[in-house]
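What follows is a short report on a single structure.
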Amino acid sequence: MITLNDYLFSGDTVLKILHQYSSDLKRSAIETDNPIDLAHCNFLIQIIELLEHNDFLTSQSQRIKEFYKYMTQKYPFLAFTFKGRIKSLIRAEEKFNGYILEYIYDYYQKNHSYPSEAEIKSNLTCFRDLIAYRIVISMPMCHLEDGISQEEQEKNYLYEIANVLPQYLEVRGFTAELSGSGHEKTADSLISSNRPYYRDYVAFPRPSGYQSLHITFYDNLARCFTELQLRTKDMDDLAEIGSANHFGYERQQEESRTRRDNIPLGECRYFDEAYERFTKLQELDLASVNVNMFKAFNNQLINDGCGLFRGRQILPFEHLSRFQNDLID
């Protein structure tokens with residue numbers, strides 16, 4: 001069986017690895033009559049197009065940058081970062097196979113049978129965060145009024161910004177997408193017209209403790225989906241270096257082992273293949289990887305200049321709070 005791991009030791013660029021992997025996977029899918037692997041190839045093509053044709057990213061970033069400029073004028077007392085990235089190849093591959101595992105497992109638990117190929121493929125159309133932007137805000141202590149909680153003040157501003165964002169971007173060629181995730185609960189701080197578009201993990205955190213506001217837009221000019229995430233600094237710390245970070249794989253590994261125990265090997269080929277690809281990436285020793293513009297001494301000390309593991313940055317901006325005085329104008 002063909003896996004991404006087979007291509008990570010030749011010193012090639014990420015783009016060449018993607019071309020070789022998708023080409024070999026497509027040929028194998030045709031030979032073995034595997035429609036899920038063909039869907040997998042189409043997913044890889046989306047990533048290839050992002051890396052090969054970046055003119056539209058320049059246009060998109062410039063239009064989103066206008067919201068950053070708006071925030072610097074509207075909230076000069078806040079400190080915030082504004083970042084954009086293309087999802088890393090390893091994370092994208094993990095997520096694709098993880099969706100297959102999760103969908104087949106949940107379907108089996110509910111129906112005591114396995115989903116059809118068409119049902120699995122239908123579930124794989126939900127990738128809308130290959131491009132994502134993140135706004136992280138912080139209220140400096142010098143700007144807090146006596147008796148006001150920093151956490152609550154930051155949340156108030158976070159929801160205020162979230163309420164402005166959809167209409168601001170729609171004027172600039174973006175269309176907000178219905179969340180469609182079953183995550184229907186939102187805080188009252190979101191105005192009613194915006195609630196169908198947001199996944200509110202701030203008021204309703206994930207089991208890991210992860211908190212963030214997520215909203216997906218379709219960029220009508222670039223003709224692609226992009227996700228925006230809004231967080232406070234404490235929420236971002238938890239997601240990046242705390243218990244909810246992407247690099248703490250122990251809990252994910254335990255969950256995948258449990259699913260493997262409940263679905264015997266050989267009963268569902270698509271589960272078996274996704275499980276093997278997923279676990280190989282989870283167990284990958286990054287220090288042994290040889291990909292151009294990537295170097296790791298271990299799985300924590302990593303210099304990723306190509307978006308193999310940590311995502312390719314496309315829009316880094318930082319606004320420092322104006323400290324000339326302690327008054328909020």
Side-chain angles (χ1 to χ4, degrees), residues 1-8 12-57 60 84-107 114-132 174-175 177-181 216-227 268-282 291 306-309 311-312 314:
M1 187 187 73
I2 296 172
T3 71
L4 175 60
N5 294 54
D6 302 329
Y7 301 84
L8 299 181
D12 287 330
T13 64
V14 163
L15 191 56
K16 186 172 182 180
I17 288 168
L18 272 164
H19 276 292
Q20 292 179 330
Y21 179 38
S22 61
S23 176
D24 292 345
L25 188 63
K26 182 177 181 179
R27 183 171 57 253
S28 173
I30 294 172
E31 291 173 352
T32 60
D33 189 26
N34 189 327
I36 305 305
D37 276 355
L38 283 176
H40 195 160
C41 293
N42 290 331
F43 170 71
L44 296 173
I45 289 172
Q46 295 179 55
I47 304 175
I48 290 172
E49 289 181 343
L50 291 181
L51 299 179
E52 284 186 332
H53 309 292
N54 59 14
D55 286 348
F56 75 88
L57 283 179
Q60 184 181 87
R85 63 101 182 105
I86 300 173
K87 187 181 284 294
S88 73
L89 176 55
I90 286 180
R91 281 288 300 153
E93 181 74 1
E94 281 181 340
K95 194 167 186 179
F96 185 91
N97 289 289
Y99 274 172
I100 294 175
L101 293 176
E102 183 177 10
Y103 179 72
I104 294 176
Y105 175 81
D106 290 345
Y107 189 99
Y114 297 107
S116 66
E117 295 169 347
E119 289 171 318
I120 297 173
K121 286 173 65 178
S122 177
N123 182 66
L124 296 174
T125 62
C126 52
F127 287 93
R128 299 187 174 184
D129 65 342
L130 290 179
I131 303 173
F174 295 85
T175 300
E177 295 287 308
L178 296 174
S179 63
S181 63
T216 299
F217 291 91
Y218 184 76
D219 184 347
N220 294 283
L221 300 182
R223 298 187 178 182
C224 65
F225 291 100
T226 186
E227 181 180 83
C268 179
R269 67 183 289 201
Y270 305 120
F271 186 94
D272 293 344
E273 291 173 355
Y275 180 83
E276 182 174 346
R277 290 185 177 119
F278 183 85
T279 53
K280 276 189 172 184
L281 286 172
Q282 294 272 292
V291 174
C306 60
L308 174 70
F309 188 67
R312 181 170 298 192
I314 54 178

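Quick note: numbers below take in every heavy atom, side chains included, and nothing from hydrogens, waters or symmetry partners.
- When every heavy atom of V14 is checked against every heavy atom of C306, the shortest pair comes out as CG2-SG, 3.6 Å.
- Using modelled atom types and a 3.5 Å distance limit, the side chains of E119 and S116 yield a donor-acceptor pair.
- Expressed to the nearest 0.5 Å, how far CD1 of I47 lies from CG of L18 amounts to 6.0 Å.
- Between T175 and N220 there is a side-chain heavy-atom pair separated by less than 4.5 Å.
- Here R312 contributes atom CZ and K87 contributes atom NZ; the two are 15.0 Å apart, rounded to the nearest 0.5 Å.
- The closest side-chain donor-acceptor pair between N34 and E273 falls under 3.5 angstrom.
- Note that CG of D33 is 11.0 Å distant from OG of S28, once rounded to the nearest 0.5 Å.
- The closest side-chain heavy-atom distance from S88 to E93 is not below 4.5 Å.
- Summarising the geometry of E94 relative to F278, their closest heavy-atom pair is O-CD1, 3.5 Å, with the distance given to 0.1 Å.
- In terms of heavy atoms, A274 sits closest to N97 at CA-OD1, 3.5 Å.
- When only modelled atom types and interatomic distance are considered, Y7 and D24 share a side-chain donor-acceptor pair under 3.5 Å.
- Atoms CE and CG, from M1 and D6 in turn, are 8.5 Å apart once rounded to the nearest 0.5 Å.
- Separation of atoms OH (Y21) and CG (L8) is listed at 9.5 Å; rounding is to 0.5 Å.
- Distance alone, capped at 3.5 Å, places no donor-acceptor pair between the S23 side chain and the Q20 backbone.
- By the 30° and 60° cut-offs, the orientation of the rings of Y107 relative to Y103 is tilted.
- Classification of R128 and E177 as a salt-bridged pair holds, one side-chain N sitting under 4.0 Å from a carboxylate O.
- In plain terms, the two heavy atoms of R85 and L130 that are nearest each other are NH1-O, 3.2 Å.
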Intermediate values then yes/no, side chain to side chain contact (heavy atoms under 4.5 Å, CB included), L124 and I36: CA-CA 9 Å; L124 296 174; I36 305 305; 4.3 Å; yes
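- Closest of all the heavy-atom pairs between T32 and R269 is O-NH2, 3.5 Å.
- Once rounded to the nearest 0.5 Å, the distance linking CG of L281 with CG of L89 reads 8.5 Å.
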Apply side chain to side chain contact (heavy atoms under 4.5 Å, CB included) to L15 and I48, showing your working. CA-CA 7 Å; L15 191 56; I48 290 172; 4.2 Å; yes
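- In this structure the side chain of L308 never reaches within 4.5 angstrom of the side chain of I17, judged on heavy atoms.
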Let's go through K26 and L38 carefully: what are the C-alpha distance in whole Å and the side-chain angles of both, what is the deciding distance for side chain to side chain contact (heavy atoms under 4.5 Å, CB included) to 0.1 Å, and is it a yes or a no? CA-CA 6 Å; K26 182 177 181 179; L38 283 176; 4.1 Å; yes
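- Side chains of F309 and R91 form no contact here, defined as non-hydrogen atoms less than 4.5 Å apart.
- Of all heavy-atom pairs spanning Y270 and P35, the tightest one is OH-CD, 3.6 Å.
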Using the rule given for side chain to side chain contact (heavy atoms under 4.5 Å, CB included), can you reason through I131 versus F225, listing the C-alpha separation, both sets of side-chain angles and the distance that settles it, and then say yes or no? CA-CA 7 Å; I131 303 173; F225 291 100; over 6 Å; no
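- Of the listed residues (R27, R277, K121), just one forms a salt bridge (charged side-chain N to carboxylate O under 4.0 Å, His left out) with D37, and that residue is R277.
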